[in-house]
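The chain is numbered in sequence order, starting from 1.
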Amino acid sequence: KFGAGAVRNMLRHNRREIEHSSNHDIDPKRLERDYILSPDRGMTEYDYFLQRKSELYCYNRNDVKVMVGWIVTAPQDLDPERYDNFFYATYNFLANRYGKKRVFIVCLSLTAIFTALFYFPGKADVETMFVLNFLKSLAYAPTVPLLWAMIADVADYSEYKNYRRATGFVFAGVVFALKAGLGIGGAILGFLLSGFGYVSGIGAEQSGTAIRGIVLSSSLIPAMIFGMGVAALCFYPITKKYNEQMQAELADRRSKAGY
């Protein structure tokens, strides 16, 4: 994982653009065999990094990690003539496996499962509740930054389809939806608990129906909402491969005068 200050040098290192590298594992005689698997985006990799970073919300702290790196080595018994096929297959595998859409679907599905499991512990199973809450939070955490990254992709998608950039409108619409959802969701929860006979106030005794309503409101009902989100994501059109093609075409458009 790398902070913003280390990204430029890391990209230069990957491209072998550092003339006098102190890394003794780099054999200058074999540099001619290097090749790049990432698509041509019409700009340098560092410019692409800056562009993507500007489209996402990022804390203004030096310790924030903004890039991750992978090291993949070919098996020792692999025929050297198949190295190209191996690394191309590896690149495609990682690109498809770790696309934002797939990660979001997996994390939200796990969140729905762990939330639904809250229905089963008894009132004395405190440890089980803590474990489930930890697992639910762990599964849900990646969706928070992923959401904002996907919103930036949606802004690009709007430009890609309509030939007009509307980043501010897209982000404003999503923020409005989030705020409205928090307000409406809180109101629905209040009406739901009221329907189950919940009695407010410190020390108020709750009926069995009210307790059942509290359990459902913290387990199966939100799990169902998460499940609806997973179903909606299945129709989300921006896959990893589609996004790369879109970014390449947008970079080509933006490089032309008058666009």
Side-chain angles (χ1 to χ4, degrees), residues 1-19 31-60 64-70 72 84-85 87-105 145-178 232-259:
K1 299 178 182 180
F2 306 97
V7 171
R8 183 192 291 271
N9 284 336
M10 181 52 60
L11 294 176
R12 290 182 63 218
H13 167 74
N14 291 342
R15 289 275 187 171
R16 299 298 188 259
E17 295 174 351
I18 301 177
E19 295 183 3
L31 293 181
E32 61 183 18
R33 298 174 59 183
D34 289 353
Y35 53 90
I36 305 299
L37 296 176
S38 58
D40 183 7
R41 299 184 175 95
M43 63 182 75
T44 67
E45 290 180 338
Y46 186 67
D47 287 338
Y48 178 70
F49 159 76
L50 292 177
Q51 174 186 304
R52 292 296 295 151
K53 186 172 179 289
S54 68
E55 295 169 350
L56 306 175
Y57 178 79
C58 185
Y59 287 108
N60 187 24
V64 173
K65 306 304 180 186
V66 295
M67 188 179 80
V68 297
W70 292 80
V72 180
D84 288 358
N85 293 334
F87 287 115
Y88 274 109
T90 302
Y91 175 83
N92 291 328
F93 170 79
L94 293 174
N96 293 328
R97 181 178 181 124
Y98 295 101
K100 301 184 190 75
K101 176 181 177 179
R102 292 193 177 189
V103 174
F104 208 116
I105 288 177
L146 270 178
L147 171 65
W148 297 103
M150 293 171 72
I151 293 171
D153 291 339
V154 170
D156 289 339
Y157 181 80
S158 174
E159 179 184 0
Y160 181 66
K161 290 293 186 181
N162 302 312
Y163 286 79
R164 183 174 182 178
R165 187 126 185 111
T167 305
F169 181 80
V170 172
F171 274 84
V174 172
V175 171
F176 174 79
L178 288 172
L233 278 169
C234 293
F235 297 95
Y236 181 74
I238 308 176
T239 61
K240 177 72 174 179
K241 184 177 181 180
Y242 185 95
N243 190 39
E244 289 183 347
Q245 295 173 347
M246 178 176 68
Q247 294 298 334
E249 182 168 336
L250 286 175
D252 180 63
R253 291 183 195 173
R254 293 163 181 164
S255 66
K256 297 178 180 178
Y259 175 71

Under 4.5 Å between any side-chain heavy atoms of L233 and M150, yes or no? yes

Just how far is it from atom CZ of R165 to atom CG of L250, taken to the nearest 0.5 Å? 7.5 Å

List in chain and number order the residues that pass side chain to side chain donor-acceptor pair (under 3.5 Å) with E249, two or more places apart in sequence or in another chain; answer none if no residue qualifies. Y160, R253

Nearest non-hydrogen partners of V170 and A155, listed with the distance: CG2-CA, 4.1 Å

Distance col, row R102:CZ vs T239:OG1, nearest 0.5 angstrom, shows 8.5 Å

What is the distance from atom CZ of R254 to atom CG of D252, rounded to the nearest 0.5 Å? 11.0 Å

Can you tell if the side chain of P237 reaches within under 4.5 Å of the side chain of Y157, non-hydrogen atoms only? yes

Atom CZ of F169: over 12 foreign heavy atoms under 6.0 Å: no

Could I get the full list of ring-ring contact (aromatic ring centres under 6.0 Å, His included) partners for Y46, not counting sequence neighbours? F49

Contact between D156 and Q247 at the side-chain level, heavy atoms closer than 4.5 Å - yes or no? yes

Value rounded to 0.5 Å, distance of CG in L147 from CG in L178: 6.0 Å

Find the distance between CD1 (I238) and NZ (K100) and round it off to the nearest 0.5 Å. 8.5 Å

Side-chain heavy-atom pair Y242, D153 within 4.5 angstrom cut-off: no

